[in-house]
Amino acid sequence: MNEPVPTKDWAEDLVLELAQGERGVRLLGGRAVRYHVLGKVPDTLVRPPGDVDLFTVSEHRRDVQQWLESMGLRPEKEFNLLNGRSRLMYWRGKEKIDVFIDEFRMCHALDLRGRLPVQEVTLPVADLMLTKLQVVEFTEKDMLDVLALLSGVPFVDRDEPGAFNTRFFADTLARDWGLWRTVTRNLDVLLERLQDFVVEASLQLEIEERICQLTEVVERTPKTMKWKWRAAVGERLKWYELPEEP
């Protein structure tokens with residue numbers, strides 16, 4: 001991989017290893033967003049590095065555990081014993097490393113098992129967008145990450161490294177009304193809050209056009225029967241979870 005790895009702290013070694021070899025694990029979260037947008041968007045849209053979030057699949061779980069421990073990371077043994085089929089936790093001093101397995105499950109569940117081959121180092125951009133926009137209590141950190149991706153990567157209608165596959169994004173929402181409801185609500189919030197984060201008028205217009213384009217793709221994508229049945233119930237039934245941070 002020829003792209004520079006945009007990290008300047010202890011996690012640089014981890015990201016470099018992801019870039020140099022196939023380990024069956026990918027970055028997600030704020031660090032994955034930085035990987036795609038650093039140097040491509042205004043610095044005001046790029047957050048400082050935070051905790052490390054990783055994604056892998058069941059078949060690679062044991063190899064990932066051995067790799068992380070070989071790097072000196074300390075496992076949260078009790079948590080891993082209880083939750084190790086779906087999630088693992090490690091520590092580097094006071095910094096936390098989360099490893100999601102097969103699914104990214106927070107406010108909504110995203111089955112991402114087939115997505116590792118699409119993109120090296122991180123999950124694909126469309127997947128990163130879904131993990132950010134599925135948050136019911138949409139924070140300014142999540143907003144910044146979504147805005148950075150909207151302004152920093154190209155839109156395409158197929159899987160392509162470093163690009164946002166809007167078709168995959170829309171197809172995922174077309175199968176899950178609850179996820180669709182949360183994501184489209186958050187896109188509306190972004191439009192309302194855009195001036196709080198972006199000062200330059202031309203960039204505001206570009207992001208507005210991107211959000212409108214994305215919304216159009218989502219709305220014209222045919223919905224499944226399951227989606228339609230759930231839509232008939234609507235918000236009378238809770239459509240999300242509010243996960244507790246371990």
Side-chain angles (χ1 to χ4, degrees), residues 3 6 27-48 104 107-108 110 112 115 118-119 121-224 227 231 239-240:
E3 298 179 49
L27 274 175
L28 69 157
R31 289 180 180 269
V33 174
R34 283 177 61 87
Y35 181 85
H36 286 284
V37 306
L38 199 62
K40 301 176 183 177
V41 302
D43 291 344
T44 53
L45 293 182
V46 182
R47 293 197 293 116
F104 179 86
C107 298
H108 298 275
L110 300 170
L112 304 175
R115 303 295 290 163
V118 176
Q119 167 83 52
V121 184
T122 79
L123 282 175
V125 173
D127 306 52
L128 297 178
M129 288 286 284
L130 287 167
T131 64
K132 291 294 178 178
L133 286 166
Q134 61 82 42
V135 177
V136 171
E137 296 178 344
F138 203 30
T139 68
E140 291 195 352
K141 291 195 302 183
D142 297 314
M143 294 180 198
L144 276 173
D145 285 344
V146 173
L147 290 171
L149 289 172
L150 284 170
S151 60
V153 299
F155 279 17
V156 297
D157 63 358
R158 63 197 178 280
D159 279 335
E160 183 178 310
F164 181 9
N165 182 350
T166 57
R167 178 179 295 178
F168 173 83
F169 182 90
D171 285 345
T172 302
L173 300 189
R175 296 190 295 268
D176 185 336
W177 179 88
L179 180 61
W180 170 90
R181 185 69 195 97
T182 299
V183 168
T184 54
R185 174 179 286 181
N186 285 341
L187 288 173
D188 289 341
V189 170
L190 278 178
L191 282 173
E192 294 171 2
R193 296 281 313 274
L194 185 55
Q195 292 184 357
D196 295 342
F197 301 98
V198 180
V199 176
E200 186 180 346
S202 61
L203 184 56
Q204 286 183 18
L205 180 60
E206 177 187 335
I207 294 176
E208 287 175 1
E209 291 175 346
R210 284 287 184 93
I211 293 175
C212 291
Q213 180 184 347
L214 183 58
T215 300
E216 182 181 343
V217 174
V218 169
E219 292 309 307
R220 71 167 182 254
T221 299
K223 307 302 188 287
T224 64
W227 188 100
W239 67 94
Y240 58 85

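Below, all heavy atoms of this structure are taken into account, side chains as well, without hydrogens, waters or symmetry copies. In this text, all values refer to a predicted model and were calculated from it rather than measured experimentally.
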*Asks:* In Å, rounded to the nearest 0.5 Å, how long is the span from CG of Leu149 to NZ of Lys40?
*Replies:* 10.0 Å
*Asks:* I need the minimum non-hydrogen distance between Ala148 and Val41, along with the two atoms involved.
*Replies:* O-CG1, 3.6 Å
*Asks:* How long is the straight-line distance from CD of Glu200 back to OG1 of Thr44, given to the nearest 0.5 Å?
*Replies:* 9.5 Å
*Asks:* Quick one: does Phe169's side chain get under 4.5 Å of Val183's, heavy atoms only?
*Replies:* yes
*Asks:* With Asp127, which residues qualify under side chain to side chain donor-acceptor pair (under 3.5 Å), at least two apart?
*Replies:* Arg115
*Asks:* Tell me, please, which residues at least two apart from Glu216 pass salt bridge (charged side-chain N to carboxylate O under 4.0 Å, His left out).
*Replies:* Arg220
*Asks:* Determine whether more than 12 heavy atoms belonging to other residues, nucleotides or ligands lie under 6.0 Å from atom NZ of Lys223.
*Replies:* yes
*Asks:* Scan residues 164-178 for pairs that pass side chain to side chain donor-acceptor pair (under 3.5 Å), counting only residues two or more places apart or in two chains.
*Replies:* Asp159-Asn165
*Asks:* Which atom pair, heavy atoms only, marks the closest approach of Val136 to Cys107?
*Replies:* N-SG, 3.4 Å
*Asks:* Closest heavy-atom contact between Gln134 and Leu179?
*Replies:* CB-CD1, 3.7 Å
*Asks:* Applying side chain to side chain contact (heavy atoms under 4.5 Å, CB included), run through Leu150 and Glu206 and close with a yes or a no.
*Replies:* CA-CA 9 Å; Leu150 284 170; Glu206 177 187 335; over 6 Å; no
*Asks:* What is the minimum heavy-atom distance between Asn186 and Leu133, and which atoms define it?
*Replies:* ND2-O, 2.8 Å
*Asks:* As an exercise, state the distance from NE2 of His108 to CH2 of Trp180, rounded to the nearest 0.5 Å.
*Replies:* 12.0 Å
*Asks:* Once side chain to side chain donor-acceptor pair (under 3.5 Å) is applied, do any residues pair with Asp142, and if so which ones, sequence neighbours excluded?
*Replies:* Thr139
*Asks:* Are the side chains of Thr184 and Glu219 in touch, meaning some heavy atoms are under 4.5 Å apart?
*Replies:* yes
*Asks:* Atom CG in Leu214, atom CD1 in Ile207: separation rounded to 0.5 Å?
*Replies:* 13.0 Å
*Asks:* Only one of Leu128, Val33, Leu112 forms a side chain to side chain contact (heavy atoms under 4.5 Å, CB included) with Leu28, so which one is it?
*Replies:* Leu128
*Asks:* Does Phe197 form a side chain to side chain contact (heavy atoms under 4.5 Å, CB included) with Glu140? I'd like the steps, not just the answer.
*Replies:* CA-CA 9 Å; Phe197 301 98; Glu140 291 195 352; 4.0 Å; yes
*Asks:* Would you say Gln195 and Gln204 make side-chain contact, with heavy atoms under 4.5 Å?
*Replies:* yes
*Asks:* Of all heavy-atom pairs between Ala126 and Phe168, which one has the smallest distance, and what is that distance?
*Replies:* CB-CD2, 3.9 Å
*Asks:* Strictly by ring-ring contact (aromatic ring centres under 6.0 Å, His included), give each pair with a member in residues 139-158 just once, sequence neighbours left out.
*Replies:* Phe155-Phe164
*Asks:* For Ala170 versus Val218, what's the shortest heavy-atom pair and its separation?
*Replies:* CB-CA, 3.9 Å
*Asks:* Between Leu147 and Leu190, is any pair of side-chain heavy atoms under 4.5 Å apart?
*Replies:* yes
*Asks:* For the side chain of Gln119 and the backbone of Gly162, is there at least one donor-acceptor N/O pair under 3.5 Å apart?
*Replies:* yes
*Asks:* Rounded to the nearest 0.5 Å, what separation is found between the CZ atom of Arg47 and the CG atom of Leu144?
*Replies:* 7.0 Å
*Asks:* Would you please name every residue forming a salt bridge (charged side-chain N to carboxylate O under 4.0 Å, His left out) with Asp196, sequence neighbours left out?
*Replies:* Arg193
*Asks:* Taking the side chain as every heavy atom from C-beta outward, state whether Thr215 and Ile211 have any pair of such atoms under 4.5 Å apart.
*Replies:* yes
